[in-house]
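Every value quoted in this text rests on a predicted model; they were computed, and no experiment measured them. Quick note on labels: first sequence line is chain A, next is B, and so on, each numbered from 1. Side-chain atoms are counted along with the backbone in the values below, which use heavy atoms only and exclude waters and symmetry mates.
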Amino acid sequence: MKNHVRVRYAPSPTGYPHVGNIRTALFNWLFARHHGGSFIVRIEDTDVARGVEGAVEAILDGLKWLGMDWDEGPGVGGSYGPYYQSQRLDKYRASAERLIAQGNAYYCYCSPERLEQMRAEQIRRKQPPGYDRRCRDLSQSEIAGCRLENKNPVVRFKFPTEGKTTFTDMVRGEVTFENARIDDFVLMKSDGYPTYHLASVVDDHLMEISHVLRAEEWLSSAPRHLQLYQALGFEPPRFAHLPMLLGTDRSKLSKRHGAVSITEYKEQGYLPEAMVNFLALLGWSLDDKTEIMSRQELIENFSLERVSKTAAIFNREKLEWMNGVYIRKLSPEDFIKRATPFLEEGLPEEVPLSDDYVRRIMPLIQERARTLAEIPGLTDFFFTKKLEYETELLVGKKMDRESAGRALSLSLEKLKPLEPFDENSLEALLRPLAMELGLKTGQLFGTLRVAVTGRTVAPPLFQTMAVLGKERCLGRIREAITSLNRV
RNA sequence: GCCCCCAUCGUCUAGAGGCCCAGGACACCGGCCUUUCAAGCCGGCAACAGCGAUUCGAAUUCGCUUGGGGGCGCCA
């Protein structure tokens, strides 16, 4: 398998790019890159009814955002195209016809209504639902009769009724199914489109896919696929069924668990490299301690042997932590670059962002941000003209309005002539001032912090004041004094 | 109901018979640092689902039970 690794990510454009699917894509991508193989994207748009406008773009954008480049597929072409199943209908049709000719498939004229009734009855009698094979062995005259009633039959696969289907899954080992339990599933729908089963088998063969890495929900379909490969005379790929991603309640990850579209994570200010690292660790691990790994390290170390069998719960808290780790690792320049769109988006009013001002603010919050989206909330006081806060916040522990007012007034006087208005001189001035006022440094600084930022939690005071500049600081202190005097 | 898969701290996981009275990380709780917050550092809490069997010895092997998940569509 050294040089012939060809894997695919085959999403169907029926909705947003789900993180579970993206995780599957990532494992495929890592596997391909690790082995120097090819990563192929194929769009499985065979469900005309459920197709969603813009879904393909969203999916591809998600891959691009995370840096998963594909060697063949939409936009890049390749010699196994087309890469949209809707453009490969002739191939599926040909295979279906061959299977019919070989006696491995047959037309089924049963109406959806009948099938539904049959299923309901089976369930009522506590039997496993499944096609009863009514059309499997129709005589010529019966077929003629059916044709009159139903002009658009489906094609079903004649699944073996005895024996077993066994295969070796690369993560789960040997898995065996009893053929008798599996019914004659549909290959071609009445609208002329193939079902997933037929289309994926035909395409995986035609595109010379060597390994199929997909989520565990497909495990029970594997015997169908294996039997199809056999009937078509194709050599099957190797299968690896990856552990599922679950929500916090242990059920299949879905919308009600919060953000499930990769797009949302981008919008919420997660870094793609953090996302990739985090997703890689959901069902795979390097060893007993390594967690922070670059894309390159992931590629170098990824292997199916280390993929776990157990479903994993998507743990937002850990992702947040990891995102913080990656934010802190960013160079100041890079941080500013990535933060800017969020600042522009998140700061509503006036604020023409001055590059220089932003450049001086950002270092103050880089190690405090866990996502890019929280940056506006962390820095808005740098931009707001008028601070809004409870006057009482100015009064620190064991202080009263009077002492707070006195502290601010004296600070104001001392600050007026201060030059330069930078971190060091501010500290040199303010520390002794606390003693002079008979306050603890924490009390003075706390009061000033509120006066100058409007909040009790902010970046370090002196740096913050220096960045705000003398004019803003003095103005805000004056306003604080005024509001203390009011009442 | 039937079939398949899975089972270590709340969560992600390490562990492929003795190195494990189970290691790391997130979260949580203390402490240190400190002008708040964050970061950092130190420490703590916390798990082998149960029962049998194999073995000198089992989280690791086997069986059963229980629990969880997935599948059973003219959806993928």
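Taking atom C1' on both nucleotides, B/A49 is separated from B/C32 by 40 Å, rounded to a whole Å. A gap of 29 Å separates the P atoms of B/C72 and B/A14, to the nearest Å. Taking atom C1' in both B/G31 and B/U13, the straight-line distance is 28 Å, to the nearest Å. With both ends at atom C1', the span from B/U61 to B/G15 equals 15 Å, rounded to whole Å. Separation of the C1' atoms belonging to B/A27 and B/C51 is 33 Å when rounded to the nearest angstrom. As rounded to the nearest Å, B/C4 and B/G10 have C1' atoms that lie 29 Å from one another. Look at the C1' atom in both B/C62 and B/U55: the space between them is 12 Å, to the nearest Å.
Checked by distance alone, A/Ser220 brings no side-chain donor or acceptor within 3.5 Å of a matching partner on the base of B/C4. Not a single donor-acceptor pair, N or O on each side, falls under 3.5 Å between the base of B/C2 and the side chain of A/Arg181.
If you check every strand for non-hydrogen atoms under 4.0 Å, A/Pro223 touches nothing.
Of the candidates B/U13, B/U35, B/G40, the closest approach to any side-chain atom of A/Arg449 belongs to B/U35.
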If you restrict it to nitrogen or oxygen atoms, what contacts under 3.5 Å exist between nucleotides 21-28 of chain B and the protein, and what is each distance?
residue, atom, partner, partner atom, Å
B/G23, N2, A/Asp288, O, 3.1
B/A25, O4', A/Glu291, OE1, 3.2
B/A25, O2', A/Glu291, OE1, 2.4
B/A25, O2', A/Lys318, NZ, 3.3
B/A25, N3, A/Lys318, NZ, 3.0
B/C26, O2', A/Lys318, N, 3.4
B/A27, OP1, A/Arg370, NH2, 3.3

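Among the candidates A/Asp287, A/Leu30, A/Leu286, the single residue satisfying the side chain to side chain contact (heavy atoms under 4.5 Å, CB included) test with A/Asn301 is A/Leu286.
We find that NE2 of A/His197 is positioned 8 Å from P of B/A76, with the value rounded to whole Å.
Across all strands shown, B/C62 forms a Watson-Crick or G-U wobble pair, both distances under 3.5 Å, with B/G52. Shown here, B/C72 forms a base pair with B/G1; the pair counts as Watson-Crick or G-U wobble because both key distances fall under 3.5 Å. Across the strands present, B/G43 finds its partner in B/C29; the criterion is a Watson-Crick or G-U wobble pair with both atom distances under 3.5 angstrom. Under the Watson-Crick or G-U wobble criterion, with both distances below 3.5 Å, B/U36 is left unpaired in every strand shown.
Atom CD of A/Gln127 has more than 12 neighbouring heavy atoms from other residues, nucleotides or ligands inside a 6.0 Å radius.
Phosphate proximity of B/G1 to A/Arg124: absent, as no side-chain N or O sits under 4.0 Å from OP1 or OP2. Between A/Arg125 and B/G1 there is no side-chain N or O to OP1 or OP2 distance below 4.0 Å.
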